[in-house]
Amino acid sequence: MLFQPPLPTEYASLTDDEMCAAITERKQTLGSRAVILGHHYQKHDVIQFADFTGDSLKLAQIGAKQHGVEYIVFCGVHFMAESADILTDDDVKVILPDQSAGCSMADMADIDQVEEAWEFIVYRCGVAPIPITYVNSSAAIKAFCGANGGACCTSSNARAILEWAFRRGDKVLFLPDQHLGRNTAYAMGIPLEAMTVYDPALPTGGLTREQVRNFRVFLWKGHCSVHQLFTTQQCDEIRRNDPDCKILVHPECSWEVVQKADLAGSTEFIIKTVREAPAGSKWAIGTETHLVDRLLRTYPEKSVRLLAGIQCLCTTMYRIDLRHLLWTLDELVAGRIVNQIKVDPDTSGLAVVALERMLANVTATPVAIK
Ligand code: 13P
Ligand code: SF4
């Protein structure tokens, strides 16, 4: 995670109303020079200033189309800003309002560990899986996938990308979210017995050569700290207390939770499902708190609640706040660029291959994993 230096002291005393008024004014001043992108997990006070909102895939698609703007201010997390930098022209500068907005899942796979895993699986075991990385990963890992015949995916097109991979080989190394990998491969008909976890904390990932030769899917031992808070007990409780309520979860939840759910899919799939549901329908949703809260406010004629009884908050998304957004825009208006996220050209040149494969395998509407 990168370090975010403290903001100048004058920002500490500003009220929310003052910051909102100032952000509105700075946006007008910058006009078409700056575009603000916002992930659906952002706080309500921040997302109201986004020119475009979306999940990881939609924001990558929108980011890639931003020709002629000077700045993309990315209200999301670090890996999303990196992808935007990779996918845009060199003269577009991508800015992350708080540099410490990382992703704990992305941090669970380090490029050195991935190279070590590759060395063991490919050179010592003699098998060559197709490397697929969830976009929630560093640019270096995306570049690794691009250089080794692999691709990126998001939760919106993980199945399309795994199908793409299995047209090119009979084994896949899926990074860094074991749950998205397992849930997607299982939905495609691959049995759990054909999958194994590669644990980077153990020598040779905890696998023998024979196991590597026998398994079809190697799931990196990573997870999302938010989605792991949803449990099968919560699903059981909903079934017991409110049998009419449907359970809708994100595929970063565990396989056990996804099996208990009625439906599972990406953020855009969750939004679409609730939007299209009839009035009076009931939904218990297993994903980040701010999105569930927004759905609840947007569709008061439907009953929407969080699957867990506790707040499931992405603390790194939460670091983007009005204060940091205003500071970033103030600096741009003053002609200074702060918090630029820049991927070096060598890494970018390989990572773009993996990202473009991802963007070439997109369905018109988000597809359910279950
Ligand atoms: P999507 O935006 O692909 O649904 O992923 C959710 C998430 O955890 C983003 O970090
Ligand atoms: Fe990372 Fe999970 Fe937060 Fe998404 S919700 S940014 S995967 S920690």
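Residue numbers count from 1 along this sequence. Every number for a ligand or one of its atoms is a count from 1 in the order of the listing.
- The nearest N, O or S atom of Cys314 is not closer to atom 2 (Fe) of ligand 2 than 2.8 Å.
- Here is the list of ligand 2 atoms found below 4.0 Å of a heavy atom in Tyr41: 5 (S).
- Listed by number with element, the atoms of ligand 1 under 4.0 angstrom from any heavy atom of Phe79 are 10 (O).
- For Phe144 and Trp118, the gap between ring centers is short of 6.0 Å.
- At the shortest separation from atom 6 (C) of ligand 1 among protein heavy atoms lies Tyr41 OH, 3.2 Å.
- Checking Glu252, His250, Met105, Glu288 against atom 8 (O) of ligand 1, the nearest heavy atom belongs to Glu252.
- Scanning all protein heavy atoms for the shortest distance to atom 3 (O) of ligand 1 gives Ser155 OG, 2.8 Å.
- For the atom pair CG (Leu355) and SG (Cys145), the distance works out to 10.0 Å, reported to the nearest 0.5 Å.
- Considering OG of Ser104 and CE of Met108, their distance stands at 4.5 Å, rounded to 0.5 Å.
- The nearest heavy-atom contact from the protein to atom 2 (Fe) of ligand 2 is Cys224 SG, 2.4 Å.
- Relative orientation of the His227 and Tyr41 rings is tilted, given thresholds of 30° and 60° on the angle between their planes.
- Ligand 1 has at least one atom lying under 4.0 Å from a heavy atom of His39.
- Looking at Asp85 and Lys93, no side-chain N of the basic residue comes within less than 4.0 Å of a carboxylate O on the acidic one, giving no salt bridge.
- A distance of 5.5 Å separates NE2 of His44 from CZ of Arg294, quoted to the nearest 0.5 Å.
- At least one heavy atom of Asn136 sits closer than 4.0 Å to an atom of ligand 1.
- Of the listed residues (Thr287, Val77, Asn136), the one carrying the non-hydrogen atom nearest atom 4 (Fe) of ligand 2 is Asn136.
- For the pair Lys142 (side chain) and Val135 (backbone), a donor-acceptor distance under 3.5 Å is present.
- At least one heavy atom of Tyr134 sits less than 4.0 Å from an atom of ligand 1.
- Within ligand 1, counting atoms from 1 as listed, the ones closer than 4.0 Å to a heavy atom of Ser56 are 1 (P), 2 (O), 3 (O), 5 (O), 9 (C).
- Taking the charged nitrogens against the carboxylate oxygens, Arg167 and Glu163 have no contact shorter than 4.0 Å, which rules out a salt bridge.
- For Arg239 and Asp262, the salt-bridge test passes: some basic side-chain N is under 4.0 Å from an acidic carboxylate O.
- For the residues Pro176, Ser104, Gly102, the heavy atom positioned nearest atom 8 (S) of ligand 2 is part of Ser104.
- Using modelled atom types, one side-chain atom of Lys171 and one backbone atom of Arg213 make a donor-acceptor pair closer than 3.5 Å.
- Put simply, Cys103 gets within reach of atom 1 (Fe) of ligand 2, with an N, O or S atom under 2.8 Å from it.
- Ligand 1 has a nitrogen or oxygen under 3.5 angstrom from a nitrogen or oxygen of Thr267.
- For Met80, the closest heavy-atom approach to ligand 1 falls below 4.0 Å.
- Using modelled atom types, one side-chain atom of Asn183 and one backbone atom of His179 make a donor-acceptor pair closer than 3.5 Å.
- Neither the backbone nor the side chain of Glu288 comes within 4.0 Å of ligand 2, counting heavy atoms alone.
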